[in-house]
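Report on one structure; see the data block that follows.
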Amino acid sequence: MKDLAAQLVLRKQQHLYRSRTILDSPQGVEVTVEGRRYLSFCSNDYLGLANHPEVVAAFHKGLDEWGAGSGAAHLVSGHSRVHHELEQQLADFTQRPRALLFSTGYMANLGVMAALLGHGDRVLGDRTNHASLLDAARLSGARLLRYRHADVADLSGRLDAATAGECLVATDGVFSMDGDVAPLAEIAALCAQHQAWCMVDDAHGLGVLGPGGRGSLHAAGLTHEQVPVLMGTLGKAFGTFGAFVAGSDALIETLIQQARTYIYTTATPAALASATLAALQRVRADDWRRAQLVTLVQQFRRGAAQLGLRLLASETPIQPLLVVDAEAALRMSAALREQGILVTAIRPPTVPAGSARLRITLSATHTEQQVEHLLGALEKVFATQNTEPEIR
Ligand SMILES: *Cc1c(COP(=O)(O)O)cnc(C)c1O
């Protein structure tokens, strides 16, 4: 038996120990922690819907109508009318023939790959993909090859080295820790050329990018024929919880028959689907939220550039600042916290070694004054805490 306590001590010494901040308030741009109010720049609640009164009211109403628990898996007796309605609305929203709800995005990714692939098949994944896509490839039994981040030439070379069996190319639409958008049109074209599946995980694009918030595929003008598998999550811009896969009728039926993370798990509460339907209405209708995000992102980038901070090339609400190392990330996160600002230090293995960062995220419900306040705090903290990192 290995010595867990000793390993934990080591982890602390390496500044890789993780701990949880306990919120005493709902999610929002202002949160309470240990009796103190903080301005938060670290949630994925990009549109500010997690505590929106209409979404909360719909959840309450859903509870009255449907009770607390779903009581069974979807294929047994847990699939309610409101789950079904949400699937239809999500299909309509993404302009795809059908959609299928999963309990989480993690499970959706696992379910899709294991249903479509097996031994002798291949997954080509961006090196920066979300951990759940990596694990999905592993669980499927297919061989996983990782191409250089957003590098279409590297992907193309790997697709040329063809072998027998199915091939699936998987990418985040918007990369969760870098905030940049994948070269989706080029990837989709390569997939078509090589008859490979193209799968996009748009956890951070849906609701935020594209006309009507339809996500990074719509922003790139890509249809469900060009990108047959779209995975979207509901716990980020939608502000609720859960996930879905959208695609052809045959794809969705295959997942219902074969995706083990769909079949062998209890359906999420029906009331949650009621809440998500209300969130979807706001996502569709509130263009002002996306416009506000664009304004805030530009304001933040302008201000950070003036301060000489090292921004990544991101136009999305995910605005990471690279720092020297894991220790600096922790130190700066703590210094910001003293100033009343919550920003998470992201360290390996969540990001590659040598690329520790502060992952700053913006929400449509932030104000320009709040972003100004953040910039002021960053100026102070970076002036005293950081030493310039080597360019990666
Ligand atoms: C958050 C996230 C997931 C997982 O979704 P959950 O519903 O939180 O399990 C999958 N992929 C990406 C890119 C994510 O950011």
Side-chain angles (χ1 to χ4, degrees), residues 20 27 42-47 49-50 83 86-87 90 94 99-114 123 125-140 144 146 149-150 168-182 184 187 198-209 215-217 219 227 229-246 255 259-262 265-269 272-273 275-276 279-280 283 312 314 316-320 344 346 349-352 357 359-363:
R20 300 167 301 172
Q27 189 58 260
C42 52
S43 86
N44 299 316
D45 182 20
Y46 303 119
L47 298 183
L49 297 178
H83 287 118
L86 176 57
E87 289 182 343
L90 288 169
T94 56
L100 184 71
L101 287 172
F102 279 78
S103 295
T104 70
Y106 200 121
M107 292 169 73
N109 282 338
L110 262 52
V112 166
M113 282 201 206
V123 176
D126 188 294
R127 216 178 269 278
T128 311
N129 274 352
H130 191 261
S132 58
L133 285 171
L134 253 174
D135 294 355
R138 289 194 183 118
L139 183 69
S140 74
L144 171 65
R146 301 172 80 186
H149 177 54
L168 181 146
V169 177
T171 182
D172 286 13
V174 173
F175 290 93
S176 56
M177 294 299 137
D178 289 20
D180 56 334
V181 179
L184 294 169
I187 292 172
C198 185
M199 172 173 182
V200 172
D201 173 339
D202 209 19
H204 300 273
L206 282 167
V208 174
L209 299 182
S216 53
L217 294 180
V227 178
V229 188
L230 166 65
M231 199 290 288
T233 67
L234 303 171
K236 286 157 185 161
F238 281 78
T240 58
F241 180 86
F244 67 94
V245 173
L255 295 177
R260 295 169 64 87
T261 58
Y262 180 76
T265 199
T266 301
T268 51
L272 177 61
T276 305
L280 179 56
V283 168
L312 295 185
S314 160
T316 66
I318 303 167
Q319 291 291 327
T344 334
I346 304 283
T350 304
V351 290
R357 66 197 63 186
R359 180 178 182 266
I360 293 167
T361 51
L362 298 166
S363 166

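Order of appearance sets the numbers: ligands from 1, and atoms from 1 within every ligand.
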Checklist entry - Taking C-beta and beyond as the side chain, do Arg260 and Leu110 meet within less than 4.5 Å on heavy atoms? => result no
Next on the checklist: Which of the numbered atoms in ligand 1 are under 4.0 angstrom from any heavy atom belonging to Asp172?
Outcome noted: 13 (C)
Item to check | For atom 11 (N) of ligand 1, closest protein heavy-atom neighbour | outcome: Asp201 OD2, 2.5 Å
Next on the checklist: Rounded at 0.5 Å granularity, tell me how far CG in Leu49 sits from CG in Leu234.
Outcome noted: 11.5 Å
Next on the checklist: Can you confirm, on distance only, whether ligand 1 has an N/O atom lying under 3.5 Å from any N/O atom belonging to Met231?
Outcome noted: no
Checklist entry - Out of curiosity, Thr276 OG1 to Phe238 CZ, how far, rounded to the nearest 0.5 Å? => result 8.0 Å
Checklist entry - What do we get for Ala243 next to ligand 1 when only non-hydrogen atoms under 4.0 Å count, side chain, backbone, both or neither? => result neither
Next on the checklist: Between ligand 1 and Thr233, is the shortest N or O to N or O distance under 3.5 Å?
Outcome noted: no
Checklist entry - Among protein heavy atoms, which sits nearest to atom 6 (P) of ligand 1, and what does the distance come to when rounded to 0.1 Å? => result Gly105 N, 3.3 Å
Checklist entry - Of all the atoms in ligand 1, which lie at a distance below 4.0 Å from a heavy atom belonging to Ser132? => result 10 (C), 11 (N)
Item to check | Residue and atom name of the nearest protein heavy atom (relative to atom 15 (O) of ligand 1), distance in Å to one decimal | outcome: His204 NE2, 2.5 Å
Item to check | Any Gly235 heavy atom less than 4.0 Å from ligand 1 | outcome: no
Checklist entry - Can you tell me how far CE of Met199 sits from CE of Met231, rounded to the nearest 0.5 angstrom? => result 6.5 Å
Item to check | Distance-only donor-acceptor check, side chains Thr128 and His149, under 3.5 Å | outcome: yes
Next on the checklist: Could you measure the distance from the CG atom of Leu133 to the CG atom of Asp201? Nearest 0.5 Å is fine.
Outcome noted: 5.0 Å
Checklist entry - From Tyr106 OH over to Asp135 CG, what is the distance, rounded to the nearest 0.5 angstrom? => result 3.5 Å
Item to check | Interfacing atoms of ligand 1 (cut-off 4.0 Å, heavy-atom, Tyr106) | outcome: 4 (C), 5 (O), 6 (P), 9 (O)
Next on the checklist: Considering non-hydrogen atoms of the protein only, which is the closest contact for atom 2 (C) of ligand 1, and what is the distance?
Outcome noted: Lys236 NZ, 2.3 Å
Checklist entry - Just checking, is any N or O donor in the side chain of Ser363 or Asp45 under 3.5 Å from an acceptor N or O on the other one? => result no
